[in-house]
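Here's the structure, in structure tokens; my notes come after.
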Amino acid sequence: MKIYNTLSKRKEEFIPIEEGKVRMYVCGPTVYNLIHIGNARPMIVFDTVRRYMEYKGFEVNYVSNFTDVDDKIIKQAIAEGVDASVISERYIAECKADMEALNVKPATTHPLATQEICGMLDMIGTLIEKGHAYEAADGTVYYRTRSFQEYGKLSHRNVDDLQAGNRSLLVSGEDQKEDPLDFVLWKPKKDGEPYWESPWCNGRPGWHIECSVMSKRYLGDEIDIHAGGEDLIFPHHENEIAQSEAANGKQFARYWMHNAFLNIDNRKMSKSLGNFFTVRDISEKYDLQVLRFFMLSAHYRSPLNFSAELMESAKNGRDRILTAVQNLHHLMENAVTLGKIEETVSEQELLQDAKRFVTQFETAMDDDCNTADAIAAIFDLVKWTNTNTDATCSQSFLMAILQEIKELSDICGLLVDTAPEILDTQIETLIEQRQVARREKNFARSDEIREELLAQGILLEDTREGVKWKRV
RNA sequence: GGUGCCAUAGCCAAGUGGUAAGGCAAAGGUCUGCAACACCUCUAUCACCAGUUCAAAUCUGGUUGGCACCUCCA
């Protein structure tokens, strides 16, 4: 499997530190509001990376944090007149609900920044001891950026360029810093803010130190994959590297994966433009599986545009897979009725042929998780299925195909075999009545019933194998 | 100002040296009482210019047009 590594700017063969195991850390959201669809992109794509690795037989230790202490959380808490923890706990719960609806697997561990303060104090202490950090007069602790020789290796910048482009910082009044590039590890509390005691001052951690510490605690000094949105490359991930490698004396992460941004109507999502959507907003109109399908229809490193039109397109595309799966179920029931259970020799040959879609899928995923191509493989399989199955097929054959579609979809976290709903008897009766009307060629009555059911959200389809229905 | 990315059919989107996957939409057809589903058919020489090569969407240089980061925004 090849992975594009931001560190080397090229695709590299993935070789885990420990054979058969993957240590993966994905930067999670700051929980001050409902997550937006931009937050959902890394969750979905890296969950898919994880699922594929598990499919390949790796044991994945997947860690994704919640940043539950932050200026924005405090601001929200003050606005509502509640404790910061009330805000963070509320939105962690909401975020988990959204993740579940997106079929994002819970991480092996979801650490909270506020539960890891001890580790942060330890690491900051180590950095000071080693001369990589210093305490200012008011108790703020800064990282001495220029003390880390390789600073800039992830974002491919050199410190002098950074300084040239950062003139504004020089005049921003942070005159406690030895150097404008230095960043905060620990800062003093302000009135009304949550704080922890430390050797330097009562205060709270800077953002970057959290991830270094949580990664170290749950995955160790060296990890395989560190992932997040591309905006985190600089400064967040650059700073994590500086902290972790200076403190631990080892390479921090071997592979750095970054997803591109999600735009809305070709513009960056922002509240001021009024094009800001939460995952919850989308869930009111669509099954969030549609959002997941949509996100995976492009490569994770390409910017992806979001619009109502594209969601409709995604919905229709996904429905094509669902329809094929439903057809298989119908055909299987049919096969059982007819007593066609065991597959025939020619069916075995067909199944052999269908294996190529698995290969096609894996080839795509092996190439830096190319989900767009992988989904194309699923569509090819769907088309093959629609062409090669009919009422004469055996149950065993149909079942094997169904399993293949389900397995590939499941790697993408796409649920295509939703449990059949039980219709209430009243609706079933109407369907029966319509069939009677049709046999009597009373099409007026038959269409009337169909309209009536459609009004209730039940769409009928008359197929060769009988009447099918689905919710719209 | 610094750094980097992108430009493929109506829309979305793979492909990164050997003569353009897939999906949505549209059109025609088969099936069907009709509709829907499904199937068949049909749709691009890859922003522009120049160059390298037997061969380029794919490499090099340039032009134009988008975008991102450099401000604790995924």
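In what follows, every chain begins at residue 1, and chains take the letters A, B, ... in the order their sequences are listed.
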Requested in this report: Taking the six-membered ring of A:Tyr62 (Phe, Tyr or Trp), confirm whether the NZ or CZ of A:Arg50 is under 6.0 Å from its centre and within 45° of its axis.
Outcome: yes

Query raised in the report: Side chain of A:Asp447, base of B:rG33: donor and acceptor closer than 3.5 Å?
Result: yes

**Report entry** Partner nucleotide of B:rA55 by Watson-Crick or wobble geometry (both distances under 3.5 Å)
**Finding:** none

Query - From B:rC34, B:rA74, B:rA38, nucleotide with atom closest to A:Asn386 side chain - result: B:rA38

Report summary line: Side-chain contact check for A:Asp462: nearest option of B:rA68, B:rC34, B:rC12 is B:rC34

Query raised in the report: If the P atom of B:rU8 is compared with that of B:rU71, how far apart are they to the nearest Å?
Result: 31 Å

Query raised in the report: Paired with B:rA20 by Watson-Crick or G-U wobble geometry, both distances under 3.5 Å: which nucleotide is it?
Result: none

Query raised in the report: Which part of the nucleic acid does A:Leu460 contact within heavy-atom distance under 4.0 Å: base, sugar-phosphate only, or nothing?
Result: base

Query raised in the report: With a non-hydrogen cut-off below 4.0 angstrom, is A:Arg445 in contact with a base, only sugar-phosphate, or nothing?
Result: nothing

Report task. Figure out the CZ/P separation between A:Arg301 and B:rG4, and round it to whole Å. Result -> 17 Å

**Report entry** Pairing of A:Lys153 and A:Glu245 as salt bridge, 4.0 angstrom limit
**Finding:** yes

Report task. With heavy atoms under 4.0 Å as the rule, sort A:Ser446 into base, sugar-phosphate or nothing. Result -> base

**Report entry** Closest to side chain of A:Ala376, choosing from B:rG22, B:rC39, B:rA74
**Finding:** B:rG22

Query raised in the report: Between the base of B:rC67 and the side chain of A:Lys268, is there any donor-acceptor pair under 3.5 Å?
Result: no

Query raised in the report: In terms of the angle between their ring planes, are A:Trp207 and A:His236 parallel, tilted or perpendicular, with boundaries placed at 30° and 60°?
Result: parallel

Report task. Could you work out which one of B:rC12, B:rC70, B:rA74 sits closest to the side chain of A:Phe234? Result -> B:rC70

Query - Nearest-angstrom distance from the residue atom CE of A:Met120 to C1' of B:rC72 - result: 14 Å

Report task. Please indicate yes or no: is the ring centre of A:Phe443 less than 5.5 Å from the centre of the six-membered base ring of B:rG33, with the two planes inclined by under 30 degrees? Result -> yes

Requested in this report: Would you indicate what A:Lys315 reaches in the nucleic acid, counting non-hydrogen atoms under 4.0 angstrom: base, sugar-phosphate, or nothing?
Outcome: nothing

**Report entry** Pair A:Arg144-A:Asp179, salt bridge (charged side-chain N to carboxylate O under 4.0 Å, His left out): steps then yes or no
**Finding:** CA-CA 8 Å; A:Arg144 188 174 277 128; A:Asp179 186 289; over 6 Å; no

Query raised in the report: Would the A:His36 and A:Phe277 ring centres measure less than 6.0 Å apart?
Result: no

Query raised in the report: In whole Å, what is the span from the CG atom of A:Asp98 to the P atom of B:rA74?
Result: 15 Å

Query raised in the report: At under 4.0 Å, does any side-chain N or O of A:Arg320 touch on OP1 or OP2 of B:rA38?
Result: yes

Report task. Report the residue (A:Glu309 or A:Asp70) whose heavy-atom-nearest nucleotide on RNA chain B is the more 5′ of the two. Result -> A:Glu309

**Report entry** Nucleotide opposite B:rC5 in a Watson-Crick or G-U pair, distances under 3.5 Å
**Finding:** B:rG66

**Report entry** Shortest side-chain distance from A:Ser313, nucleotide among B:rC40, B:rC24, B:rA14
**Finding:** B:rC24

Query - Comparing A:Ser155 and A:Ala444 on RNA chain B - which has the more 5′ nearest nucleotide - result: A:Ser155

Query raised in the report: Expressed in whole Å, how much space separates the P atoms belonging to B:rC42 and B:rG22?
Result: 12 Å

Requested in this report: Measure from NZ or CZ of A:Lys11 to the centre of the six-membered ring of A:Tyr4, then state whether that distance is under 6.0 Å and the direction lies within 45° of the axis.
Outcome: no

Query raised in the report: Under 5.5 Å between ring centres and under 30° between planes: does that hold for A:Phe261 against the base of B:rA74?
Result: yes

Report summary line: Considering only heavy side-chain atoms of A:Asp373, the closest of B:rG15, B:rC12, B:rA74 is B:rG15

Query raised in the report: Considering only the P atoms, how many Å lie between B:rU64 and B:rA26, rounded to the nearest integer?
Result: 40 Å

**Report entry** Complementary nucleotide of B:rC39, counting Watson-Crick and G-U pairs under 3.5 Å
**Finding:** B:rG29

Query raised in the report: Looking at B:rA68, B:rC37, B:rA74, which one has an atom nearest to any side-chain atom of A:Glu461?
Result: B:rC37

Requested in this report: Ignoring hydrogens and angles, state whether a donor on the side chain of A:Glu309 or A:Ser313 is under 3.5 Å from an acceptor on the partner side chain.
Outcome: no

